[in-house]
Amino acid sequence: MKTKRTFYLVLIIVGAVIAGMGDSIIEEEYALSIGIVLLMFGLYKTTQLWSLDRYGDEEKDKGDK
């Protein structure tokens, strides 16, 4: 579980760096597109993990009743 969080954090950081400074490596439009996609994917998966941590036990309890 810890490795997923670390991986998603790295995706967020890499996406932000590529979106911010990627124009020196590749064309600006591609850098922004790739950076935003990585950033949003990392944020999406991180929020899914947060919701599982917060509400995962309650959903299991509902299924047992």
Side-chain angles (χ1 to χ4, degrees):
M1 191 68 134
K2 275 285 204 201
T3 57
K4 285 184 181 180
R5 293 174 193 232
T6 306
F7 177 69
Y8 298 143
L9 177 65
V10 168
L11 276 180
I12 293 169
I13 293 170
V14 168
V17 168
I18 289 175
M21 296 187 292
D23 57 341
S24 62
I25 300 170
I26 55 177
E27 290 186 36
E28 185 177 5
E29 294 83 15
Y30 295 125
L32 282 174
S33 299
I34 292 169
I36 289 172
V37 167
L38 290 176
L39 182 67
M40 295 307 289
F41 182 74
L43 288 172
Y44 172 72
K45 296 303 274 185
T46 300
T47 56
Q48 278 189 333
L49 285 176
W50 287 344
S51 67
L52 282 177
D53 287 345
R54 180 173 288 174
Y55 300 113
D57 296 334
E58 292 175 9
E59 290 179 7
K60 288 179 187 175
D61 293 339
K62 288 179 185 177
D64 291 340
K65 291 182 180 178

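Values in this document were obtained by computation on a predicted structure and should not be read as measured data. Numbering of residues begins at 1 and proceeds along the displayed sequence.
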Original post:
Does one hydrophobic cluster hold both V14 and I26, with members joined at side-chain heavy-atom distances below 4.5 Å?
Top reply: yes
Original post:
Are L32 and L38 connected in a single hydrophobic cluster, I mean Ile/Leu/Val/Met/Phe/Trp/Tyr linked by side-chain heavy atoms less than 4.5 Å apart?
Top reply: no
**OP:** Verify the cluster assignment for F41 and L9: are they in a single hydrophobic cluster under the rule of side-chain heavy atoms below 4.5 Å apart?
**Re:** no
**OP:** Could you state whether V37 and I25 fall into the same hydrophobic cluster, counting links through intermediate Ile, Leu, Val, Met, Phe, Trp or Tyr residues with side-chain heavy atoms under 4.5 angstrom apart?
**Re:** no
**OP:** Calculate, to the nearest 0.5 Å, the distance between atoms CG and CD1 belonging to L39 and I34 respectively.
**Re:** 13.5 Å
**OP:** State plainly whether one hydrophobic cluster holds both L49 and F7, where clusters connect Ile, Leu, Val, Met, Phe, Trp and Tyr through side-chain heavy atoms under 4.5 angstrom apart.
**Re:** yes
Original post:
What do the steps show when you test I12 against L43 for side-chain contact (heavy atoms from CB on, under 4.5 Å), and what is the final call?
Top reply: CA-CA 7 Å; I12 293 169; L43 288 172; 3.8 Å; yes
